[in-house]
Amino acid sequence: MKRHNKIVICLGLAGSLSLPACAGRQKTEHPAQQQTLSKPPISEQDTAPPYSSNNSARPEKSYRATRLSGDFQGYSAVDDFIARLSEHHGYSKEYLYGVLSQAKRKQWTLDYLARETPSSPNAKPRPGAWSRYRSQFLDEQHIAGGTKFWRQHADDLHRASEQYGVPPEYIVGIIGVETSYGKNVGSHRIVDALTTLAFDYPRRGAYFAEELENFFVMTTQEKMDPLKPVGSYAGAMGLGQFMPGSFLKWAMDLNGDGKKDLWSPADAIGSVANYFSSHGWQRGGRVVTPATAVNSNAGALEAGYDTHYSLDTLRDNGIQVADNTLPDQNNYKLLRLSTNSGDEYRIGHDNFYVITRYNHSTHYAMAVHELAQAIKARMR
């Protein structure tokens with residue numbers, strides 16, 4: 001949904017499969033998050049240029065074949081997929097044969113994923129895990145790059161923030177963590193990535209087949225040549241790393257040129273803001289509040305972005321909240337961060353949870369938050 005140790009094929013923006021980072025996650029909706037995939041070595045990436053709105057779309061008649069050939073010839077699942085798309089969306093089978101006959105099977109991707117051991121969602125982080133993760137994003141490259149990006153696209157950020165209620169720094173923070181402000185959008189043809197994972201990766205094949213279907217719908221609606229868009233090795237696209245399903249739900253044409261182009265900073269900015277707004281971002285709401293543990297009881301509490309505590313419960317268990325103006329409610333998230341010098345604590349609010357809809361990870365959301373605050377401070 002790249003730099004994360006483990007990447008949820010990412011909005012997340014949406015629900016998710018975000019690769020890092022990434023964007024559409026477990027079948028909820030991150031632009032790219034559905035399963036845990038880590039970033040392959042850069043040397044193994046393709047070198048095709050990213051999709052650009054300047055690439056003229058090729059009409060459906062440009063891709064026609066009377067049968068399926070190429071790397072996926074003989075796959076009964078591909079034949080079933082073609083029949084379903086023809087029936088549900090009205091595509092001619094000749095068109096689908098023509099496109100999918102040109103899809104390339106990415107054997108190295110399958111080999112790479114076969115070596116990966118999925119991490120348990122309940123696994124306890126290793127000591128210092130947050131310090132290591134944080135160092136990947138809270139560096140001069142990301143902070144200075146975010147400041148430059150903000151200045152270059154200030155008008156678009158202001159427009160999106162006013163329209164959706166999401167502060168500019170959080171939009172910039174997402175794009176910084178996901179693709180380093182567009183420097184790392186990926187270079188894999190989306191049709192190759194999704195076709196390979198849909199039909200040769202049984203663990204998540206159904207999810208990727210659905211995203212391949214979404215990809216065909218997306219390219220048709222946006223008049224894109226289906227062989228042109230490139231992105232992550234799991235199919236996440238653009239500066240915000242949206243999966244095709246997230247694109248269909250939350251992509252925005254912020255600059256009003258008639259195209260939703262997530263490789264365009266303006267549209268990526270608008271789409272990230274729309275994603276957050278659609279997932280419940282509260283205009284002017286808090287994100288994180290500092291906290292400290294004053295006794296050993298705090299270590300026994302379950303922590304994570306999806307926990308729910310009242311202030312009384314937290315205080316009774318040794319969590320001291322820095323801000324004594326917080327309202328009493330039962331929806332505070334206890335965040336425990338393992339640093340090189342021991343555990344640190346934060347209180348997460350509803351807006352923090354919204355960030356995790358992009359990538360279901362406390363570390364990811366904290367990195368976005370701290371990077372956003374560092375960029376905002378630099379802008380001042």
Side-chain angles (χ1 to χ4, degrees), residues 1-2 7-37 39-40 46 50-51 71-72 75 77-78 80-86 88-89 91 96 99-100 102-106 109-110 113 178-179 185-222 224-238 240-251 260 262-263 271 275 357-360:
M1 2 337 298
K2 284 171 178 175
I7 298 160
V8 194
I9 289 193
C10 342
L11 322 170
L13 270 196
S16 316
L17 226 193
S18 198
L19 292 170
C22 214
R25 281 159 210 1
Q26 295 168 12
K27 214 174 162 190
T28 36
E29 325 67 353
H30 166 53
Q33 261 174 168
Q34 196 48 108
Q35 114 156 34
T36 304
L37 299 182
K39 180 70 174 165
D46 295 333
Y51 168 79
D71 290 356
F72 295 93
Y75 281 57
V78 178
D80 293 342
F81 176 82
I82 289 172
R84 185 172 74 251
L85 262 64
S86 179
H88 290 178
H89 300 287
Y91 292 113
L96 298 172
V99 174
L100 292 175
Q102 298 187 58
K104 302 300 181 184
R105 187 176 186 273
K106 308 295 289 185
T109 300
L110 300 171
L113 294 179
E178 288 292 335
T179 63
V185 296
S187 56
H188 308 270
R189 285 200 317 181
I190 301 300
V191 70
D192 298 336
L194 293 179
T195 306
T196 296
L197 294 172
F199 303 114
D200 278 314
Y201 189 53
R203 280 188 55 215
R204 297 305 310 171
Y207 168 76
F208 286 106
E210 182 178 349
E211 288 297 350
L212 181 59
E213 179 176 352
N214 291 331
F215 177 72
F216 273 101
V217 174
M218 180 196 83
T219 54
T220 299
Q221 290 183 357
E222 297 302 316
M224 294 180 184
D225 181 333
L227 298 186
K228 291 296 185 183
V230 299
S232 78
Y233 75 112
M237 304 172 295
Q241 293 289 275
F242 277 38
M243 294 298 286
S246 295
F247 182 104
L248 294 176
K249 293 179 181 178
W250 297 291
K260 297 175 183 177
L262 295 187
W263 294 264
S271 299
Y275 182 87
R357 299 309 83 203
Y358 212 101
N359 186 314
H360 297 173

Worksheet item: Is there a donor-acceptor pair under 3.5 Å between the side chain of Y91 and the backbone N or O of F216?
Response: yes
Fill in: Non-hydrogen side-chain atoms of P229 and I190 separated by less than 4.5 Å
yes
Response to the item:
Sorted by chain and number, sequence neighbours left out, side-chain hydrogen bond (donor to acceptor under 3.5 Å, both in side chains) with R105 holds for Y75, Q107, D200
Item to complete: Please name the pair of heavy atoms, one in L100 and one in F72, separated by the smallest distance, quoted to 0.1 Å.
Response: O-CD1, 4.5 Å
Worksheet item: Looking at residues at least two apart in the chain, or sitting in another chain, which of them share a side-chain hydrogen bond (donor to acceptor under 3.5 Å, both in side chains) with D71?
Response: none
Discussion item. Under 4.0 Å between a side-chain nitrogen and a carboxylate oxygen: does that hold for D192 and R189?
Written reply: yes
Worksheet item: Does any N or O in the side chain of E213 come within less than 3.5 Å of the main-chain N or O of L85, such that one atom is a donor and the other an acceptor?
Response: no
Response to the item:
For A251 and S271, the nearest pair of non-hydrogen atoms, with its separation, is CA-OG, 3.3 Å
Worksheet item: If you take all heavy atoms of V99 and P226, which pair is closest and at what distance?
Response: CG2-CG, 3.9 Å
Discussion item. Let's go through T219 and K228 carefully: what are the C-alpha distance in whole Å and the side-chain angles of both, what is the deciding distance for side-chain contact (heavy atoms from CB on, under 4.5 Å) to 0.1 Å, and is it a yes or a no?
Written reply: CA-CA 10 Å; T219 54; K228 291 296 185 183; over 6 Å; no
Worksheet entry | Any donor-acceptor N/O pair, E222 side chain to K260 backbone, under 3.5 Å | yes
Worksheet entry | Distance (rounded to the nearest 0.5 Å) between E211 CD and F247 CZ | 12.5 Å
Worksheet item: Residues two or more places apart in sequence or in another chain: which of them pass side-chain contact (heavy atoms from CB on, under 4.5 Å) with A193?
Response: none
Discussion item. Could you check whether any side-chain N or O of T196 sits under 3.5 Å from a backbone N or O of K106, counting only pairs where one atom can act as donor and the other as acceptor?
Written reply: yes
Worksheet entry | Non-neighbouring partners of S86 that pass side-chain hydrogen bond (donor to acceptor under 3.5 Å, both in side chains), sequence neighbours left out | none
Worksheet item: Going through the distances and angles, do H89 and V217 end up as a side-chain contact (heavy atoms from CB on, under 4.5 Å)?
Response: CA-CA 8 Å; H89 300 287; V217 174; 3.7 Å; yes
Practice prompt. Please test V191 against F215 for side-chain contact (heavy atoms from CB on, under 4.5 Å), starting from the C-alpha separation and ending with a verdict.
Written response: CA-CA 8 Å; V191 70; F215 177 72; 4.1 Å; yes
Fill in: For the student: nearest non-hydrogen atoms of P244 and L194, plus distance
CG-CD1, 3.9 Å
